[in-house]
Structure formats: structure tokens, C-alpha cells
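Quick notes on the structure that follows.
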Amino acid sequence: GLNMKKVTKAVIPAAGFGTRFLPFTKAMPKEMLPIVDTPTIEYIVREAMESGITEFLIIINEGKECIKTHFGRNEVLEKFLKSKNKDNELKIIEELPNKIKVSFTYQHEQLGLGHAVLCAKEFVNNEPFVLLLGDDVYVGNNKPATLQLLEAFDKTNSSILGTLEVPLDDVSKYGICEPAIKTNDRLVKLKSVIEKPKKENAPSNLAIGGRYILTPQIFKYLETQTKGAGGEIQLTDSILRLMAEEDVYSLTIDGTRYDIGSKKGFLKATIDFALNREDLCEDMKNILASYKNK
Ligand code: G1P
């Protein structure tokens, strides 16, 4: 739109216990699980950065301070790399601190995603913002997933949920959207959303895929949100209440999603990302080929 303020801020909740990835997550945040050589959360930050986002808030809990270390400067390491003329390595670790600002806040009690997002209220400061969940890594076709959402936001000026179509047997793992009209358009106005419905109660197979653009009106509802599915304060429930006040849309993201929270998704990401790397593609192909006759 013409007079609209550009979206510059992103929020990334990373305060869960990661129980699905024990024992790794006993001492290490699951957001630091490496895909090839890069922590999962860095791919997510880069997706938003490549979409024009410059300010980040990462919501952590006690014990996850290594995420802070990862996004900060490391002057000792920088000095060492300089002295050894390791210019490439230096470039890799200096890029993010040079381009973006990352701040942190704590969620002290794990009460649910809605409660985690409420911890971002001050940072967001009454502007629309991007919300990226740490389990979902996207490789966008042509454009990063976040940029696809931001371009749609330019048209609608309303909250938008990034979605994917899932098999009916999987709807109970997601927030599910009910489109207001039947259409083949990727961008559609929503009538309702429901968190983790049973298959029989699902209004569609259009699942929320861990990417959102939200208007700051969401905080009004998060502040009074009662517990929902799984006894947690659910973001989806507040989005449903927001719909009474404002339009909310969904946009089917054009790209591949990896569910890093599942072991299968994590393993597949490792293989696919290695295949997409010039320095590793041949090696990974040879490894995969060596399994063929086993
Ligand atoms: C969260 C959201 C859900 C969404 C999902 C996507 O659930 O509550 O609406 O579909 O992320 O990954 P979680 O997977 O944290 O239980």
C-alpha cells in the first residue's frame, strides 16, 4: 500500500524445552541443531533478513544463552581468524552482526506459544511484525517464504498466516484455517482458525506453517487469552478473536518446508541442504548411492 509503514521487525520464539529431541536438548537448545554446518535458527534469521527484516527479537528461557552468543560478536575469534588470514571464515561470522540487530527476552514460564508471543509486546511497539517459528525451515521457490508474506501484506494490510496443505491424517498437529470462500488463489481471507482439531472437526487441510505477519492488535487478545488445546495459551485462539475486529488472510507458501522438530524432517533437511551445497553435493550423492544395494 502507499502510506504503509514498512515491516522491519521479526519475533522468533525459542523458549521451548525441545522434549522431542532429548537427549540433545538436555544441554543444547534445539534451535542450535546444525543443518550441515549452520544452526537451524540462523537459517530462519537469514530467511527474514533476505526478506528485508533488520530487527529481531528472540524469546529464550534460562539455559539457552548460547543462542545469544551465536548472534553476538566474538572478538577473540575474529582476531584469531584475521591473524591466520582466514578471510572466508571471518566473513561468515561477521555478516549477521553487521547487517541486523538481534535482541533477546526471556519467557520464564512455558505457558504456550501465545504467551511467548506476548513477551514481544514491548519490542513490537505497535507495528505489524513477522513471527517465525523455530521448527519450520523453508526453502522458497524464487522468493523466501517471509518475502512472499510481506508482498501479500502490502496488498491486504491485514494479518496473514503462511500455510501449507497437509494430509488429512496430520491436521491434528497444526493450527487449521477455514477459508471464507472456495478459491484456488494462494491468498484467501479466512473465516476461522482452530488449533490442533481432530480430523472430524477440521474445516480444511490448510495448516499454519510457522510463519505469520501479525498486526499489533493481536496483543490485546493475547493479554486476556485463556488456555486452549493441550492446556496451553494458544496464539491460534487469539488470532480467531482478532478476526472479529480485522480481516485475517492465509497465503499458501510457495516452497519446501522442513519440520525440524521431527527427526525425519531434520534428517531430510540435512541431506537436501548438503545436496544443494556446491562443496558437498558430490560427496552426499556418493554417500546416498552407496546405500542403494544394501
Ligand atoms: C505451532 C502452532 C500451530 C502451527 C505449528 C506449525 O504448534 O500452534 O498452529 O500449525 O506451530 O509448526 P506446535 O508445533 O508448536 O505445537
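This is a predicted model, so every value here is computed, not measured. Start at 1 and go down the list; that is how both ligands and their atoms are numbered.
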Polar side chain donor-acceptor pair, His115 to Gln110, under 3.5 angstrom
no
Given the protein's heavy atoms, is any one of them under 4.0 Å from atom 7 (O) of ligand 1?
yes
Nearest candidate to atom 10 (O) of ligand 1, where distance is taken over non-hydrogen atoms, out of Ile208, Leu235, Ile239:
Ile208
NZ/NE/NH1/NH2 to OD/OE distance under 4.0 Å, Glu42 and Arg46
yes
Contact between [X] and ligand 1, counting heavy atoms under 4.0 Å?
X	value
Thr236	yes
Leu133	yes
Arg257	yes

Compute the shortest N/O to N/O distance between [X] and ligand 1 and return yes if it is under 3.5 Å, no if not.
X	answer
Asp135	no
Gly175	yes
Tyr174	no
Lys173	no

Would you please indicate yes or no on a ring centroid separation below 6.0 angstrom for Phe56 and Phe71?
no
Looking only at protein heavy atoms, which one is nearest to atom 9 (O) of ligand 1, and what is the separation?
Glu195 OE1, 2.7 Å
Whether Glu47 side chain and Thr146 backbone form a donor-acceptor pair below 3.5 Å:
yes
Region of Asp136 that comes within reach of ligand 1 [heavy atoms, distance under 4.0 Å]
side chain
Going by the side-chain contact (heavy atoms from CB on, under 4.5 Å) test, name the single residue among Thr40, Asp135, Leu22, Thr19 that passes it with Lys30.
Asp135
When hydrophobic residues are tied together by side-chain contacts of less than 4.5 Å, even through go-betweens, does Leu133 share a cluster with Ile160?
no
Is Lys9 positioned over the aromatic face of Phe123, cation under 6.0 angstrom from the ring centre and no more than 45 degrees off axis?
yes
Under 4.0 Å from a heavy atom of Lys196: give me the atoms of ligand 1 that qualify, with their elements.
7 (O), 13 (P), 16 (O)
Between His70 and Pro39, what is the shortest heavy-atom contact and its length?
CE1-CG, 3.5 Å
